[in-house]
Amino acid sequence: MLIDLIRQRVHSAFVEMGIDASAIGPKESIQIDTPKNRKFGHYATNFPFVVSGKVKRPPLDLASKAAEIIDRDIFSKIEAVKPGFINFTLKPETLQSTIAEITAAGAEYGKTAFGGGKRIQVEFVSANPTGPLSVGHGRLAAFGDTLASIISSAGFDVQREFYVNDVGNQIENLSKSVELRCKETLGETIDPEQLGYKGEYLVPIAKVFMAENGKEVFALPENERRAAMGEFAIRKMLAYQAETLKKFGIVFDVWFREHQLHDEGLVEKTLELLVSRSEAYEEEGAFWFATSRYKDDKDRVLKKSDGRPTYFLADMTYHNNKYQRGFDTVIDIWGADHHGYIDRMKSGVEAMGYDPARLEVLIVQLVRFKQSGDYVRMSKRAGNMITLDDLIEEVGTDMARFFFLTRSRDSHLDFDIELAKEKSEANPLFYLQYAHARICSLIAKGAESGLNYKDGGDLSLLKEEKELLLMKRLADFPVEIQSSATSREPHRLITYLTELAGDFHTFYHDHRVVAPEEPEISAARLGLCTAVRTVLANGLRLLGVSAPESM
RNA sequence: GCGCCCGUAGCUCAGCUGGAUAGAGCAACGGACUUCUAAUCCGUAGGUCAGGCGUUCGAAUCGCCUCGGGCGUACCA
């Protein structure tokens, strides 16, 4: 990557200047930025300021000295400037070489070995199997999926996991509700107030259950009957959720069901582990975790006085299990309504003997949905929610994913469904897709005229300002992926792609690409355009958004 | 009460982990299609970065306080 090359040269210059190694620090931490103002060149570094403080020399002096001795092989201009920045302008051939690199890598361009194959698990959505996915899950789903893709591109070994919370009160409520719906299919009148889950979606499930099992099930003992009905409903709901997610472009590697932790006795073992480590104690008939020793504000119950484990204990068991499966880092993506749980979970991980830094909890702010000017209040129990399926149907997967992914996860955003549909004509999503489609059209046009980059484009002909900027942008793609991955901020990729598309549209207006009277420059430009198309396509793929060939 | 998140152009949001003159898209206004897709491009206008104090060469970014909004504070999951 170009940035590494620049770091390398800055580093050796400072070494050559006789600066102490401890003041220079590791090469990787030298900051190389793209200046906002073009007159400052392609890249700039504030490194003289960093060193200045440590060696008590004015930054501008350091900058000037360094600018003199930095190896100029890849640069056409190196400038030490005002307060103490060093600005770099790259030689055209340096930039041109990235096109060949992109052509060679194709769909792989952007991937690096940065992560060294470290194993990371991303757990997200993990909705309860008591109903369809809501539109609120959409943001979590889009965020988690694209984050996983980006981290994977940065060279980590990533697994996508969905945790199924299929034990506890909610499941009992679900079972009771299904049972009532089953009775309903037999012609009984039921009291809607008795339904824990009032949504209509349980009706077809009950019908299928009754068709497959017959009314003899009511001869079974109540707990057995309900268990069978509950399990049946859970399986149906999971299948339905998986189908919705697939439409949304997401396939999970693992669906992990909580009940297996209980069945295998692991939950009990976790409690024993904590007691043996003196992290848990018994009081008033319950077992408590001494969470307040850590970051939490008070101790938490692990096993209730009725003998049943809390959700928290099961969740600790689940996390223990994750590390035992060999993940170096575990990323949990939660909605903001769970943020109060972070300290508890991290304390739990630490108490079990793991480095809490190996658990990253990413909070995604909630989305408020607006319909006909009003905010929609949703409740799964009341059954009045907008489902993710509804959203996909209304605005499409591309638009929905793009909308969620453009914003940083900290932003509390409003989703106006009508606006998303109406404004579709002037949406930034189309700005990206249009650039891609335009290039496809250019390439087709070139082929018609017998022009083809593959037939031998001379990239050294690409020397125009707009061309150089475009190439510089292309060279940044792998860097953007790495920084999106390490900062866990997928939205940066959209900012980047929007800028890339902008650079392309501007270039397109200034320079003719397919000009049969100038076959050489045309071939070279087609090479450049093909590279832009590759990067746009690779980027859109990470977002889970389509890259149309025509619009 | 306490904790987490947010407050940037009329609207929706970026701002690369402290850098150089705060940006983009909508909306507004003015231009550019007999030539590769005008879902585009070029330009104009629009800002007390909620407010205050502090940290330093330098703050939208870091710290403290105030105001305003969202969420959370279970032997629920």
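Below, read A as the first sequence line, B as the second, and so on, with proteins coming before strands; counting in each chain starts at 1.
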Expressed as a whole number of angstroms, how long is the span from [X]:[atom1] to [N]:[atom2]?
X: A/H436; N: B/A39; atom1: NE2; atom2: P; value: 18 Å
X: A/E489; N: B/C16; atom1: CD; atom2: P; value: 9 Å
X: A/L413; N: B/A14; atom1: CG; atom2: C1'; value: 13 Å
X: A/L62; N: B/G19; atom1: CG; atom2: P; value: 19 Å
X: A/Q365; N: B/G70; atom1: CD; atom2: P; value: 13 Å
X: A/K295; N: B/U73; atom1: NZ; atom2: P; value: 18 Å
X: A/L366; N: B/G69; atom1: CG; atom2: P; value: 18 Å
X: A/D33; N: B/A20; atom1: CG; atom2: P; value: 9 Å

Does B/C76 have OP1 or OP2 under 4.0 Å away from a side-chain N or O of A/K304?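 It does, given that an N or O in the side chain of A/K304 lies less than 4.0 Å from OP1 or OP2 of B/C76.
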If the cut-off is 4.0 Å, is A/R438 near the phosphate of B/A38, judged by side-chain N/O to OP1 or OP2?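 Indeed, a polar side-chain atom of A/R438 lies that close.
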Just checking [X]: base, sugar-phosphate only, or nothing, at a heavy-atom cut-off of under 4.0 Å?
X: A/E549; result: base
X: A/D476; result: nothing
X: A/A314; result: nothing
X: A/V479; result: nothing
X: A/K39; result: base
X: A/H338; result: base
X: A/K445; result: sugar-phosphate
X: A/Y508; result: base
X: A/I171; result: nothing
X: A/E284; result: base
X: A/H511; result: base
X: A/A286; result: base
X: A/S411; result: sugar-phosphate
X: A/N165; result: sugar-phosphate

Flag this pair as yes if the NZ/CZ of [X] is under 6.0 angstrom from the six-membered ring centre of [Y] and inside a 45 degree cone about the axis; otherwise no.
X: A/R407; Y: A/F403; answer: yes
X: A/K27; Y: A/F14; answer: no
X: A/R438; Y: A/F504; answer: no

Consider the side chain of [X], meaning its heavy atoms from C-beta on, and name the nucleotide among [options] that approaches it most closely.
X: A/S408; options: B/A14, B/U35, B/C4; value: B/A14
X: A/K298; options: B/A74, B/C75, B/C6; value: B/A74
X: A/P428; options: B/C76, B/C41, B/G25; value: B/G25

Under the criterion of centre distance below 5.5 Å and interplanar angle below 30°, is A/F40 classified as stacked on the base of B/A20?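 Here A/F40 meets both the 5.5 Å and the 30° conditions.
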Tell me whether A/F85 is stacked on the nucleobase of B/A20, counting only the six-membered base ring and applying the 5.5 Å and 30° thresholds.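 One would call A/F85 stacked on the B/A20 base.
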Report yes if the distance between the aromatic ring centroids of [X] and [Y] is under 6.0 Å, otherwise no.
X: A/H491; Y: A/F143; result: no
X: A/F85; Y: A/F49; result: yes
X: A/F124; Y: A/F162; result: no

Less than 4.0 Å between a side-chain N and a carboxylate O, is that true for [Y] and [X]?
X: A/E172; Y: A/R226; answer: no
X: A/D61; Y: A/K65; answer: no
X: A/K346; Y: A/D332; answer: no

Between B/U34 and B/U21, how far apart are the two C1' atoms, rounded to whole Å?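 Pairwise C1' distance, B/U34 against B/U21, rounds to 42 Å.
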5'-to-3' dot-bracket of RNA chain B (Watson-Crick, G-U; under 3.5 angstrom; crossing pairs as [ ]; | other strand): (((((((..((((.....[...)))).(((((.......))))).....(((((..]....))))))))))))....
Is there a donor on the side chain of A/S483 or the base of B/C16 sitting less than 3.5 Å from an acceptor on the other?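 No such pair is found, so the answer is no.
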